[in-house]
Peer 1: 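So that we are looking at the same thing, I have put the structure below in structure tokens.
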Amino acid sequence: QTVVTQEPSLTVSPGGTVTLTCASSTGAVTSGDYPNWFQQKPGQAPRALIYGTINKHSWTPARFSGSLLGGKAALTLSGVQPEDEAEYYCLLFSGGAWVFGGGTKLTVL
Amino acid sequence: EVQLVQSGAEVKKSGEFLKISCKGSGYSFTSYWIGWVRQMPGKGLEWMGIIHPADSDTRYSPSFQGQVTISADKSISIAYLQWSSLKASDTAMYYCVRGEGATNAFDIWGRGTMVTVSS
């Protein structure tokens, strides 16, 4: 089964920009892996942010954007807010199955 | 309002049967997939499997194949996740999530069902 790898943790200053990535053990991530990104805060259910690599849901703040970067899926937060501190997960369709990454704990400090 | 409403928390013993539910409302239940996701205490999200309620087409993650059963009753807009014999290691929060087939977008999540299994 595909292993999906994310940075375990990242720290960013308020107002700064940070990019989280999502790599696949099978090779470069492509749009055909349909990357989805989710945010989860402690004690809450996950919330969807991005689908199909770059597409935002109607509720996704404009400061979140998705892309492909260097063979990985990427989630960029521009103008980070304190409330963006959370765990972020990517989800890829690989080898005929959906697979989550291990998550990135984003600290805003 | 589109929502997925999950059944309440469960406390069970090892070896017992359990079936938890996820009811869709505010949309055409048979037009979207329903996925199930496990989150063990303090850990990340794990994809378990997915079902299309229109025809009960079900796909399991290899890690969960044979360990759980996913089903759906389209007449009442409910998807289910069941265990025939629980283990202590099944202790976790279980989420359902809606998926759109054409775009492969997962958008709406249930609030989760906490399952606690004592040995």
Side-chain angles (χ1 to χ4, degrees), chain A residues 1-9 20 22 24-26 29-60 64 66 73 86-106, chain B residues 1-9 20 22 26-27 32-52 57-68 70 92-114:
Chain A
Q1 188 179 353
T2 302
V3 175
V4 178
T5 302
Q6 300 181 240
E7 297 87 359
S9 63
L20 291 64
C22 175
S24 171
S25 63
T26 63
V29 176
T30 70
S31 58
D33 297 322
Y34 308 107
N36 280 253
W37 288 93
F38 307 95
Q39 176 193 65
Q40 187 180 34
K41 296 182 179 179
Q44 296 183 16
R47 180 174 78 130
L49 294 173
I50 300 288
Y51 66 95
T53 308
I54 62 170
N55 302 290
K56 299 178 190 184
H57 295 282
S58 58
W59 54 81
T60 303
F64 290 86
E87 193 86 21
Y88 291 84
Y89 294 93
C90 65
L91 177 66
L92 300 181
F93 188 72
S94 179
W98 291 98
V99 184
F100 278 105
T104 296
K105 182 174 172 56
L106 182 66
Chain B
E1 179 193 3
V2 174
Q3 54 181 349
L4 296 175
V5 178
Q6 296 189 234
S7 49
I20 63 175
C22 169
Y27 72 98
Y32 292 81
W33 294 82
I34 295 288
W36 285 97
V37 176
R38 182 175 79 175
Q39 187 167 40
M40 299 176 78
K43 301 298 184 184
L45 304 177
E46 298 175 88
W47 187 265
M48 300 178 74
I50 195 168
I51 188 167
H52 203 293
D57 180 9
T58 307
R59 325 274 176 89
Y60 293 94
S61 170
S63 303
F64 292 92
Q65 178 84 48
Q67 307 305 307
V68 296
I70 293 170
M93 180 72 83
Y94 293 88
Y95 294 102
C96 59
V97 58
R98 187 181 82 159
E100 205 281 320
T103 60
N104 289 289
F106 292 94
D107 56 0
I108 305 300
W109 288 73
R111 290 191 173 188
T113 295
M114 184 66 209

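Just so it is clear: chains get the letters A, B, ... in the order the sequence lines come, proteins before strands, and each one is counted from 1.
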Peer 1: Answer with side chain, backbone, both or neither: which region of B/Y95 has an atom nearer than 4.5 Å to a non-hydrogen atom of chain A?
Peer 2: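 Contact with chain A: side chain only.
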Peer 1: If you measure only the distance, is there a donor-acceptor pair under 3.5 Å linking the side chains of B/S63 and B/E46?
Peer 2: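 No, because no side-chain N or O of B/S63 sits under 3.5 Å from a partner of the opposite role on B/E46.
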Peer 1: With a 4.5 angstrom heavy-atom cut-off, could you sort out which part of B/T103 is near chain A: side chain, backbone, both or neither?
Peer 2: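 For B/T103, heavy atoms of backbone and side chain both lie under 4.5 Å from chain A.
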Peer 1: Non-hydrogen atoms of chain A under 4.5 Å away: do they reach the side chain of B/E100, the backbone, both or neither?
Peer 2: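 Interface part for B/E100: neither.
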Peer 1: Check each atom of A/F38 against the heavy atoms of chain B and say whether the ones under 4.5 Å are side chain, backbone, both or neither.
Peer 2: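 The side chain, not the backbone.
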Peer 1: Side chain, backbone, both or neither: which part of A/Q44 has a non-hydrogen atom closer than 4.5 Å to chain B?
Peer 2: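 For A/Q44, backbone heavy atoms alone lie under 4.5 Å from chain B.
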Peer 1: Ignoring hydrogens and geometry, is there a side-chain-to-backbone donor-acceptor pair from A/D33 to A/T53 under 3.5 Å?
Peer 2: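 Pair absent, no side-chain N/O of A/D33 close to backbone of A/T53.
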Peer 1: So, the side chain of B/N104 versus the backbone of A/Y34: is there a donor-acceptor pair under 3.5 Å, distance only?
Peer 2: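 A pair under 3.5 Å: no.
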Peer 1: Please tell me if the side chains of B/C22 and B/Y94 come closer than 4.5 Å, counting only heavy atoms from C-beta onward.
Peer 2: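 B/C22 vs B/Y94: side chains apart.
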Peer 1: Does any backbone or side-chain atom of B/R111 lie under 4.5 Å from a heavy atom of chain A? Answer side chain, backbone, both or neither.
Peer 2: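 Backbone only.
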Peer 1: Between A/A48, A/G101, A/P42, who has the most heavy-atom pairs with chain B when the cutoff is under 4.5 Å?
Peer 2: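 Looking at each option in turn, the highest pair count goes to A/A48.
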Peer 1: Do the side chains of A/L49 and A/H57 get nearer than 4.5 Å, heavy atoms only?
Peer 2: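 Result no, sub-4.5 Å side-chain heavy-atom pair not found.
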Peer 1: With a 3.5 Å cut-off and no angle check, do the side chains of A/R47 and A/Q39 form a donor-acceptor pair?
Peer 2: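 On atom types as modelled, these side chains qualify, holding a pair under 3.5 Å.
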Peer 1: Which bit of B/V37 comes within less than 4.5 Å of chain A, counting heavy atoms only: side chain, backbone, both or neither?
Peer 2: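 Side chain only.
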